[in-house]
Amino acid sequence: MRKNGFILFLCLLCCISLPVSADITDYEEAVQTYEEENQALPTFLVDDGEGNTVNVAAWSDTLYVISSGVTLRSNPGEAGEAFAEIPFNTQISRVAVCDNGWSKVTCEIGGTTVMGYADSSALDETSPVTEVSDSLKAVEETDILSYPGKKDGEIVGEVASGEEVTRTGTVNEIWSQILYLDSDGQEQVGYISTACLEGQEEILASASGETEEDSSEETGVLSEGSGEGIFVDAVESVTSTGGSTSTAVNVQVGTPVSVSSDATLVSLGVFRVTHYCPCSICCGPYANGITSTGVTATTNHTVAVYPSQIPYGSQVVINGQVYVAEDCGGAITTNRIDIYVATHAEAEALGVLYTEVYLLQ
């Protein structure tokens, strides 16, 4: 659960989902601005944590966190020591820009001013939340998330059907920012699907990017297998359109791979297996189909894992089919796996299952 307070950033290091690169002033643009104004460029050099020298130029602007959280590090690079996490939509002040895509920033968290380096791709000049002020009734029971996206949002509360909620903002109209009371009775900010609110049900279709006709096609849907071998419900085939799909735009479709009968497998235990697609409901307002490892998510191939339990690049077997650990999410913790599929309708239809997961060696 992410709250407005100082959070030491330890094992959650890999669970920050970065959005599409933000359009903010970079190092080259800062240098050009100084040159155009005939001003001396105030710069300094700093190590990125791996022995590489980074050029840093003084720069001042106000930015917002647009990912599920941004990590503050001691150096401008992934090798820098992580010491704090700044939550989604936090306003920060940038004091310098680096030539390697990082920024030096400062902000106040829980009454304490912190300063460090952050990946610029997680920042933007505009707040991702559009302010509103109204009270709406929930038409169904729904979870309150810490971030507007099912893959990265942690469940922090619940709204009952018929309950009046105070809405303070929207995110691309698809998600609503609301106020809720935590277990200590403290008022916090959370996010629910706008489609769960009275009079807003039509938002779901636009958020998933599918039409009624689209949802009828099944791309990458698991089919029931014969049950041969060590798998009770082995998967023999997956329906596919063969590399492209009309059900969702720009979805990379992969060919299913069944585990061989002589494969060496190590049981990882029983997992809660869910499904996600690249839409704004599953992956948040800045979804672009790119995984946390930098590769494009592919159906019948990509799964989101808890990297501390299943390292990136690992091959795992779920109901007889081989997948590759290429993504993560704030909501994906121990003994949880999220399988990437082509459409939101498919993700909803496949739902949740509990099954044994194997590591392919």
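Note that the structure is predicted; figures quoted are calculated from it, not measured.
- Side chain of Asp119 to main chain of Trp102: no donor-acceptor pair is present (N/O by atom type, distance under 3.5 Å, no hydrogens or angles).
- Listed here is the closest heavy atom pair of Ser120 and Ile24: O-CD1, 3.8 Å.
- Between the side chains of Ser93 and Thr106, no donor-acceptor pair is found at a separation under 3.5 Å.
- Residues Cys283 and Asp152 fail the side-chain proximity criterion, which asks for heavy atoms closer than 4.5 Å.
- Between the side chains of Glu164 and Ser135, at least one donor N or O sits under 3.5 Å from an acceptor N or O.
- A distance of 13.0 Å separates CH2 of Trp175 from OG1 of Thr170, quoted to the nearest 0.5 Å.
- Looking at every heavy atom in both residues, Val324 comes nearest to Gln315 through CG2-CG, 4.3 Å.
- The OG1 atom of Thr53 sits 6.5 Å away from atom CG of Asp47, with the distance rounded to the nearest 0.5 Å.
- Between Glu326 and Thr302, the side chains place a donor N or O and an acceptor N or O closer than 3.5 Å (distance only, hydrogens not considered).
- From Trp59, atom CH2 reaches atom OG1 of Thr33 across 4.0 Å, with rounding to the nearest 0.5 Å.
- Thr43 is listed as a side-chain neighbour of Tyr27, based on a closest heavy-atom distance under 4.5 Å.
- Here the closest heavy-atom approach between residue Ala118 and residue Leu72 is recorded as CB-CD2, 4.3 Å.
- Side-chain contact between Cys282 and His344: present, with at least one pair of heavy atoms (C-beta onward) separated by less than 4.5 Å.
- Formation of a donor-acceptor pair under 3.5 Å by the Ser127 side chain with backbone atoms of Val129 is found in this model.
- Between Asp99 and Val54, some side-chain heavy-atom pair lies under the 4.5 Å cut-off.
- When the side chains of ILVMFWY residues are joined at heavy-atom separations under 4.5 Å, either directly or via intervening members, Val273 and Ile310 end up in a single hydrophobic cluster.
- In terms of heavy atoms, Arg73 sits closest to Gly80 at NH1-O, 2.8 Å.
- Across all their heavy atoms, Ala342 and Val251 have their closest contact at O-CG2, 3.7 Å.
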Evaluation steps, side chain to side chain contact (heavy atoms under 4.5 Å, CB included), between Asn100 and Asn52 = CA-CA 10 Å; Asn100 67 341; Asn52 303 308; over 6 Å; no

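- Residues Ile339 and Val303 meet the side-chain proximity criterion, which asks for heavy atoms closer than 4.5 Å.
- Once rounded to the nearest 0.5 Å, the distance linking CD1 of Ile174 with OH of Tyr191 reads 14.5 Å.
- The hydrophobic cluster containing Ile155 also contains Leu179, counting ILVMFWY residues as joined when their side-chain heavy atoms lie under 4.5 angstrom apart, directly or transitively.
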Hey, mind stepping through Thr194 and Glu173 against side chain to side chain contact (heavy atoms under 4.5 Å, CB included) and telling me if it holds?
CA-CA 7 Å; Thr194 301; Glu173 296 187 345; 5.7 Å; no

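- Inter-residue side-chain proximity for Val159 and Ile144 is flagged as met; some heavy-atom pair is nearer than 4.5 Å.
- Of all heavy-atom pairs spanning Asp327 and Ser292, the tightest one is OD1-N, 3.0 Å.
- Judged by distance alone, the side chain of Thr298 and the main-chain N or O of Gly254 form no donor-acceptor pair under 3.5 Å.
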**OP:** Dump the intermediate steps for side chain to side chain donor-acceptor pair (under 3.5 Å) on Ser267 and Glu356, then the final yes or no.
**Re:** CA-CA 7 Å; Ser267 175; Glu356 193 161 9; 2.4 Å; yes

Candidate pair Val156 and Leu145, rule side chain to side chain contact (heavy atoms under 4.5 Å, CB included), full reasoning = CA-CA 6 Å; Val156 294; Leu145 304 181; 5.8 Å; no

_Does Glu28 form a side chain to side chain donor-acceptor pair (under 3.5 Å) with Gln32? I'd like the steps, not just the answer._
CA-CA 6 Å; Glu28 289 74 17; Gln32 183 178 352; over 6 Å; no

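- Taking the ring centroids of Tyr276 and Tyr340, they lie under the 6.0 Å cut-off.
- Between Val317 and the options Val266, Leu359, Val259, a side chain to side chain contact (heavy atoms under 4.5 Å, CB included) holds for only Val259.
- Put simply, OG on Ser60 and CZ on Arg94 are 9.5 Å apart, with the number rounded to the nearest 0.5 Å.
- When Lys150, Lys151, Arg336 are each tested for a side chain to side chain donor-acceptor pair (under 3.5 Å) with Thr274, only one passes: Arg336.
- Both Ile281 and Tyr147 belong to a common hydrophobic cluster when Ile, Leu, Val, Met, Phe, Trp and Tyr are linked at side-chain heavy-atom distances under 4.5 angstrom.
- If you chain together hydrophobic residues whose side chains sit under 4.5 Å apart, Leu268 and Ile337 fall into the same group.
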Report the C-alpha separation of Ser146 and Glu154 in whole Å, then their side-chain angles, then the decisive distance to 0.1 Å, and conclude whether the side chain to side chain donor-acceptor pair (under 3.5 Å) test is met. CA-CA 5 Å; Ser146 61; Glu154 301 172 34; 4.8 Å; no

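- There is no path of hydrophobic side-chain contacts, each under 4.5 Å, that joins Tyr117 to Val95.
- Asp124 is not listed as a side-chain neighbour of Tyr64, based on a closest heavy-atom distance of 4.5 Å or more.
- Distance check: Ile66 CD1 to Phe88 CZ gives 8.5 Å after rounding to the nearest 0.5 Å.
- For the pair Val295/Tyr312, no side-chain contact is recorded, criterion being any heavy-atom separation below 4.5 Å from C-beta on.
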